[in-house]
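Below is one structure, written out as structure tokens, with a few remarks after it.
Along the sequence shown, the residues carry numbers beginning at 1.
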Amino acid sequence: QVQLVESGGGLVQAGGSLTLSCLASGRTISSAVMGWFRQAPEKEREFVATISRSGTRTFYSDSVKGRFTISRDNAKNTVYLQMNTLKPEDTAVYYCAADFSGDIYYYTSRVRDYDYWGQGTQVTVSS
């Protein structure tokens with residue numbers, strides 16, 4: 001069984017930065033596509049970023065492109081989300097997810113493709 005634990009959330013002023021981490025246990029993430037999603041109150045969970053198993057391919061939602069960077073360290077079984085120039089509309093619970101299907105270049109932005117999810121970390125951006 002795979003367990004994902006997010007950390008690094010918190011309260012930050014608009015324009016600030018945060019780095020989220022997702023530590024996996026139970027299975028190596030080197031065989032998984034990893035993704036970050038977020039969910040604001042009263043809204044559906046939405047895609048933020050994804051990274052292929054090899055780490056060579058990344059994909060972002062339009063709302064965060066150019067501000068957020070996803071990366072992975074397979075040796076540490078950890079995925080990161082560097083968030084810069086944060087905006088109040090980035091306020092949400094951020095979730096890490098893993099999908100163990102596909103080849104080394106595969107990635108996906110669809111919630112239903114991910115098999116394992118963390119419990120989330122709250123990010124609040126004040127104006």
Side-chain angles (χ1 to χ4, degrees):
Q1 186 73 352
V2 177
Q3 293 184 330
L4 303 174
V5 179
E6 303 94 337
S7 62
L11 173 64
V12 63
Q13 289 188 333
S17 299
L18 281 176
T19 299
L20 305 183
S21 299
C22 172
L23 176 62
S25 61
R27 190 172 176 181
T28 176
I29 65 166
S30 60
S31 57
V33 172
M34 300 299 295
W36 284 97
F37 293 78
R38 66 188 182 186
Q39 188 166 16
E42 311 299 323
K43 293 188 177 181
E44 293 187 353
R45 190 166 300 189
E46 66 171 4
F47 166 74
V48 174
T50 181
I51 187 167
S52 63
R53 288 166 50 188
S54 64
T56 58
R57 299 187 72 186
T58 58
F59 181 65
Y60 300 89
S61 68
D62 288 343
S63 61
V64 308
K65 193 177 300 181
R67 300 188 297 122
F68 290 11
T69 302
I70 187 171
S71 62
R72 64 192 298 158
D73 186 339
N74 289 341
K76 294 183 178 180
N77 234 28
T78 302
V79 178
Y80 304 96
L81 185 68
Q82 172 69 44
M83 307 186 294
N84 298 326
T85 320
L86 283 160
K87 304 175 181 180
E89 51 263 44
D90 294 319
T91 295
V93 176
Y94 282 72
Y95 297 91
C96 171
D99 171 12
F100 286 89
S101 64
D103 62 25
I104 62 172
Y105 301 113
Y106 165 77
Y107 59 74
T108 179
S109 62
R110 298 186 300 189
V111 171
R112 65 178 183 268
D113 288 336
Y114 287 85
D115 308 303
Y116 300 96
W117 293 83
Q119 294 192 336
T121 184
Q122 176 70 48
V123 171
T124 303
V125 184
S126 63
S127 58

Taking atom types as modelled and ignoring hydrogens, do the side chains of Gln13 and Ser126 form a donor-acceptor contact shorter than 3.5 angstrom?
no
Using 0.5 Å steps for rounding, measure from the CD atom of Gln119 to the SG atom of Cys96.
12.0 Å
Distance check, rounded to the nearest 0.5 Å: Leu23 atom CG versus Asn77 atom CG?
7.0 Å
Arg72 side chain vs Val33 backbone, donor-acceptor pair below 3.5 Å:
no
Would a distance-only check, ignoring hydrogens and angles, find a side-chain to backbone donor-acceptor pair under 3.5 Å from Arg27 to Val2?
no
Spacing of Thr50 atom OG1 and Arg110 atom CZ [to the nearest 0.5 Å]
11.5 Å
Tell me the closest heavy-atom pair linking Met83 and Leu86, and the distance in Å.
CB-CD2, 3.8 Å
Exercise: identify the closest heavy-atom pair between Arg38 and Ser63
NH2-OG, 3.4 Å
Find out if a path of hydrophobic residues (ILVMFWY) with successive side-chain heavy-atom gaps under 4.5 Å connects Leu81 to Tyr95.
no
Report yes if the distance between the aromatic ring centroids of Trp117 and Phe37 is under 6.0 Å, otherwise no.
yes
Among Tyr114, Phe59, Tyr60, which residue satisfies the ring-ring contact (aromatic ring centres under 6.0 Å, His included) criterion with Tyr107?
Phe59
Is there a path of hydrophobic side-chain contacts, each under 4.5 Å between heavy atoms, that joins Phe68 and Met34?
yes
Euclidean distance, Gln39 CD relative to Tyr94 OH, rounded to 0.5 Å:
12.0 Å
More than 12 non-hydrogen atoms from neighbouring residues, nucleotides or ligands closer than 6.0 Å to CZ on Phe100, yes or no?
yes
To the nearest 0.5 Å, atom OG of Ser31 lies from atom CG of Asn74 at 8.5 Å
Do the side chain of Thr91 and the main chain of Val125 share a donor and acceptor less than 3.5 angstrom apart?
yes
If I compare all heavy atoms of Tyr106 with all of Ser101, which pair ends up nearest, and what's the gap?
CD2-O, 3.4 Å
Check the pair Lys87 / Asp90 against salt bridge (Lys or Arg N to Asp or Glu O under 4.0 Å), numbers first and verdict last.
CA-CA 5 Å; Lys87 304 175 181 180; Asp90 294 319; over 6 Å; no
Hey, mind stepping through Val79 and Ile70 against side-chain contact (heavy atoms from CB on, under 4.5 Å) and telling me if it holds?
CA-CA 7 Å; Val79 178; Ile70 187 171; 4.0 Å; yes
Which atom names give the shortest non-hydrogen contact between Leu18 and Val123, and what distance separates them?
CD1-CG1, 3.9 Å
Should the heavy atoms of other residues, nucleotides or ligands under 6.0 Å from CD of Glu46 be counted, would the total exceed 12?
yes
Taking atom NZ of Lys43 as the centre, report whether more than 12 heavy atoms of other residues, nucleotides or ligands fall under 6.0 Å from it.
no
Thr78 to Ile29 - nearest heavy-atom pair and separation
N-CD1, 3.6 Å
Answer yes or no: are there more than 12 heavy-atom neighbours, outside Gln122 itself, under 6.0 Å from its atom CD?
yes
What's the spacing between Ser127 OG and Glu89 CD if we round to 0.5 Å?
10.0 Å
Polar side-chain atom of Glu6 near backbone of Thr121 as donor-acceptor pair, under 3.5 Å
no
Linking I/L/V/M/F/W/Y whenever their side-chain heavy atoms sit closer than 4.5 Å, directly or via other members, would Leu20 and Val12 fall into one cluster?
yes
Please report the closest heavy-atom contact between Leu4 and Cys22, naming both atoms and the distance.
CB-SG, 4.0 Å
